Amino acid sequence: MKIEIKLFASYREAFARDELVLELPEGTTCAQIQRHLAGERPQLARWEAVVRYGLNRRFVAPDTPVADGDELVLIPPVSGG
Amino acid sequence: MKIEIKLFASYREAFARDELVLELPEGTTCAQIQRHLAGERPQLARWEAVVRYGLNRRFVAPDTPVADGDELVLIPPVSGG
Amino acid sequence: MGAEHFCFTSEPLSIERTYALAADPASGAVVTMVGTVRANTQGRAVAFLDYEAFEPMALEVFARISRHIHECWPATGKIVIHHRLGRLTVGEASVIIAVGNAHRADAFAACQYAIDALKLEAPIWKKEHWADGDSDWVVG
Amino acid sequence: MGAEHFCFTSEPLSIERTYALAADPASGAVVTMVGTVRANTQGRAVAFLDYEAFEPMALEVFARISRHIHECWPATGKIVIHHRLGRLTVGEASVIIAVGNAHRADAFAACQYAIDALKLEAPIWKKEHWADGDSDWVVG
């Protein structure tokens, strides 16, 4: 299945792009995707314990499986305002 | 002794002026002045229980005596802001 | 604290001006409260209000409020209080208070304290004129 | 609630404009909070900040904050949230929130809830660039 991953902040910098499209096995969870990305870019490991997941623009739990066509955003600690 | 009384709100309206200068016996208190004014203008009696006193720009207790040259303001319930 | 931080004026108030006086690069937060003339009071349509104040004593009350805030919330930056006098129509601002602080919770608490204390202590009065032609001094 | 009540912009924010959108003759009080870029963080001189957001999700967070406020403080009038993005220098406003209410205590509480919730929930990030040339993403 194809998953669109939007990248912001340190994730955008680590990949030097705004977006990735990954081909992943059915049933892959948000947390597994984070570990996959941190495997490719070790500087992202610092967010492992604190990153949150926005799936189709809603916060979801780390063990939520993604489905074909989903939009996922990895949300390191926010600091708006 | 001479006391300058500044009039605001309903007191100003009752006397149709901004200020009175009263000649009063030594030892007259703020509350006695209020009763004197309410005697002259009965519509001011409604404030008797709630009026406060500003003597030389500080709040003082009703039984505070005034002294020659003092500036007194009678302060009906405030409603600024 | 410059004299322009506390003032009475018969000109319309400006939140931009009040904010600019309170803003300061050390204060990460500025909380501003604007009080406006409401269209209705106790179910009666308001035509306009007349505000008056014993200005020198009210300015001393503002200075006392300010001292109290600096004591209670020591990281407070600037405190600005602008109060309108004279005739105000519905929707116009009667008072604007702005308080800066490095910590936003303290800016909220101090600004709320300032307006509460002003309403209790400052010798300022308003006469409400209703659409039906009646009028009276507002109590509290 | 018009779209202009919640927005992201790379233009400088205006407290006058934010206030004007929140003001309304039924609200006797409008409480506004402005967050600005501080000159120092943890004792380090700040040169500038870069803000970015996942805008569509952040706007949904703003809408959720707004719904919560209307539920908790039913007399709430208008809620306006304007957030700046891009490069900001010291003293510039990064966020302005304005909340109107007939009761000022509720306006204070709701405005404070809004900024606290925004900082916890909205997908917005800032990278701090210090005067010494170093930089990092701000956590919390």
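Model, not experiment: these values are computed from the prediction. Below, each value reflects all heavy atoms present in this structure, side chains not excepted, and no hydrogens, waters or symmetry copies.
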Peer 1: Taking 4.0 angstrom as the limit, do C/D136 and B/R46 come out as a salt bridge?
Peer 2: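 Between B/R46 and C/D136 there is a salt bridge, with a charged N closer than 4.0 Å to a carboxylate O.
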Peer 1: Should the pair B/E19-B/R12 be classified as a salt bridge under the 4.0 Å nitrogen-to-oxygen rule?
Peer 2: no
Peer 1: Would you mind checking which part of C/R84 comes under 4.5 Å of any heavy atom in chain B, side chain (CB onward), backbone (N, CA, C, O), both or neither?
Peer 2: neither
Peer 1: Shorter than 4.5 Å, heavy atoms on both sides: which option in C/P56, C/G35, C/P123 has the most such pairs with chain B?
Peer 2: C/P56
Peer 1: Measure C/K127 against the heavy atoms of chain B and call it side chain, backbone, both or neither at under 4.5 Å.
Peer 2: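 C/K127 touches chain B through side-chain heavy atoms alone.
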Peer 1: At a 4.5 Å cut-off on heavy atoms, which part of C/F54 comes close to chain B: side chain, backbone, both, or neither?
Peer 2: both
Peer 1: Check C/D50 with C/R87, please: is the shortest side-chain N to carboxylate O separation under 4.0 Å?
Peer 2: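 Salt bridge flag = yes for C/D50 with C/R87.
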Peer 1: Heavy-atom distances under 4.5 Å only: say whether C/L120 touches chain B with side chain, backbone, both or neither.
Peer 2: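 Just the backbone, heavy atoms under 4.5 Å.
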Peer 1: Please classify the contact between C/A53 and chain B as side chain, backbone, both or neither, with a heavy-atom cut-off of under 4.5 Å.
Peer 2: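 Only the backbone of C/A53 comes within 4.5 Å of chain B.
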Peer 1: In Å and rounded to the nearest 0.5 Å, what is the CD to CG distance from B/E4 to B/D68?
Peer 2: 11.5 Å
Peer 1: Any donor-acceptor pair under 3.5 Å linking the side chain of C/R38 with the backbone of C/N40?
Peer 2: no
